[in-house]
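Heads up: the structure comes next, in structure tokens.
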Protein chains: 2
Amino acid sequence: MKENKKINPHPYIERYDLERIFPEEFIPKVTVYTFTKGDVLFAPGETLYDMYLLVEGKIKIFTLTPEGKSLINRFKRPLGVVGDVEYVKGNSVINSVEAVSDGVMLVASFEDLKVLERNHPPFIRFLLETVAHKFYSESQASSLHMLYPVEVRLASYFLSISSDGEGTLFHQEMRTANLTELAEWVGTSYRHLNRVLKKMVSDEIIERANGSIKIKDLEKLRDLANGNIYE
Amino acid sequence: MKENKKINPHPYIERYDLERIFPEEFIPKVTVYTFTKGDVLFAPGETLYDMYLLVEGKIKIFTLTPEGKSLINRFKRPLGVVGDVEYVKGNSVINSVEAVSDGVMLVASFEDLKVLERNHPPFIRFLLETVAHKFYSESQASSLHMLYPVEVRLASYFLSISSDGEGTLFHQEMRTANLTELAEWVGTSYRHLNRVLKKMVSDEIIERANGSIKIKDLEKLRDLANGNIYE
DNA sequence: AAGGCTTTAGGACATATGTCCTTTCCGGAA
DNA sequence: TTCCGGAAAGGACATATGTCCTAAAGCCTT
């Protein structure tokens, strides 16, 4: 990820109504960084001095164990925030962060933000809402993972990305590129994911044709997900 | 849980330095509620109009599935907060909350807090820190649960309550009353917990004598927990 | 078109965990 | 003291999930 002075932050400020968070006089302190698909943006243990606002592209937050297992905690799209918890708690980066696509971040230093926080309450309100939302969805996902088998979690995942309902916006956040990634997202092995998919096919819930998956029976899917849905 | 006008909030305000959060003129709006061990304090779906500050006793937050499974999300001791996320996000209660011991809560209405929030930034700062901490530990616990088998989680649990390190304070929060509760906390069945305990005994990591568990080999425990610890 | 890498698909087997049930033990109520 | 219900301990079996491996298909590069 590197600073890119050619890009003007203003269009993004406008597009996402960031004036309510960043007053006019703060904007000069905001810099623009770009990144490329596959970039490792942050690594665990790293000390953070800035907060990042994703305004373009998609990134994933994941945990790597010493044994090499990988678990995707969440995806972020605009207007995702990176570094909020580190800013508040003052600790170092917890998870790995990687670019899933090319993208753009707005960056502001913790130092500047501390001043902003004192003079401009809406900023801290924004942070609070961000973190509250993160907590809420993390908490939901965690319960779902602990209490239900992969089949249910997977059904829940399919439901959430099916363009059926309204809230397609957030749901898109977790669309995965391939089955390996889907496995890491659902929190299981590729092998087992495959097994469950096969069962869903034989139960006539989904159809598989050359790599792509289609939902065949939305009702059965709902039954299976049993009211649970990734928020 | 019921209002108890006999109890004066001031001693609690002082004990926990709540003056920084609640300015003098706000304190008259704070009421005191008491509860008794076993009380169901909140049920999922309930609409909340107040925020609660636990100042005495211990409560547990847990999820109940339609199938009757139970999973303990976390325990709270003073100065735990209930209703913070609901206040920020405006949604209804997510989990069940039950009193593990007798206790006392300070209560303030969302309505009053909204006014306070506008006039008194430290309050919203407090909320932000509370929620950030909750998110952080939820996130850690969630990864631990997803990535490691019960044996590791259990080792991690024992480590965290062993009065070895400094941070005994927070760790006490999750001391459980009996094995059934411990199972719900670690996120497994009683049967399986028992199995894992037995293995730990035969590995000479712990000792069991009439219901109580003693750590025999802290080193082995650390190896097993593998750097993971409930925060 | 050929070779090589990634992704998909699934067999065989091992391990982790759940469900159901029985027995024993212990402390409190009668 | 006796009785009862909950908590502890563990056997037997079923299910969920992981690990390791092989083969085929798809796609990019040369």
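Taking atom CG of B/L197 as the reference point, atom C1' of C/dT17 lies 14 Å away to the nearest angstrom. We find that NZ of A/K198 is positioned 11 Å from P of C/dA12, with the value rounded to whole Å. Counting to the nearest Å, the P atom of D/dG18 and the CG atom of A/L71 are 11 Å from each other. One can place CG of A/L179 at 11 Å from P of C/dG10, the figure rounded to the nearest angstrom. Look at CD on A/E151: it is 9 Å from P on D/dT17, rounded to the nearest Å. The CG atom of A/L193 sits 16 Å away from the C1' atom of D/dT19 (whole-angstrom rounding). Here D/dC20 presents its P atom at 11 Å from NZ of A/K69, a figure rounded to the nearest Å. B/K199 has its NZ atom 15 Å from the P atom of D/dG10, to the nearest Å.
Side-chain N or O atoms of B/Y16 include one that pairs as donor or acceptor with a backbone N or O of B/V55 at under 3.5 Å. Without hydrogens or angle criteria, B/S101 side chain to B/K58 main chain gives a donor-acceptor distance under 3.5 Å. B/T36 contributes no side-chain N or O that, together with a main-chain N or O of B/D39, makes up a donor-acceptor pair within less than 3.5 Å.
Listed candidates were C/dG11, C/dA16, D/dA8. Nearest to the side chain of A/R191 is C/dG11. Side-chain atoms of B/H192 lie closest to C/dA16 of the nucleotides C/dG11, C/dA16, D/dT17. Nearest to the side chain of A/P149, among D/dA16, C/dG18, D/dG18, sits D/dA16. Between C/dT19, C/dG10, D/dT17, one nucleotide has an atom nearer to the side chain of A/V150 than all others, and that is D/dT17.
The closest side-chain donor-acceptor pair between B/T63 and B/N73 falls under 3.5 angstrom.
The phosphate of C/dT19 (OP1 or OP2) has no side-chain N or O of B/R195 nearer than 4.0 angstrom. Between C/dA9 and A/R208, a contact under 4.0 Å exists linking OP1 or OP2 to a side-chain N or O. For B/N194 and D/dA8, the shortest distance from a side-chain N or O to OP1 or OP2 is not below 4.0 Å.
Residue A/T188 is in sugar-phosphate contact alone, with no base atom involved, counting any heavy-atom pair closer than 4.0 Å across all strands shown.
Relative orientation of the B/Y52 and B/Y33 rings is perpendicular, given thresholds of 30° and 60° on the angle between their planes.
Looking at which nucleotide of DNA chain C each of A/M146 and A/Y190 is closest to, the 5′-most match is held by A/Y190.
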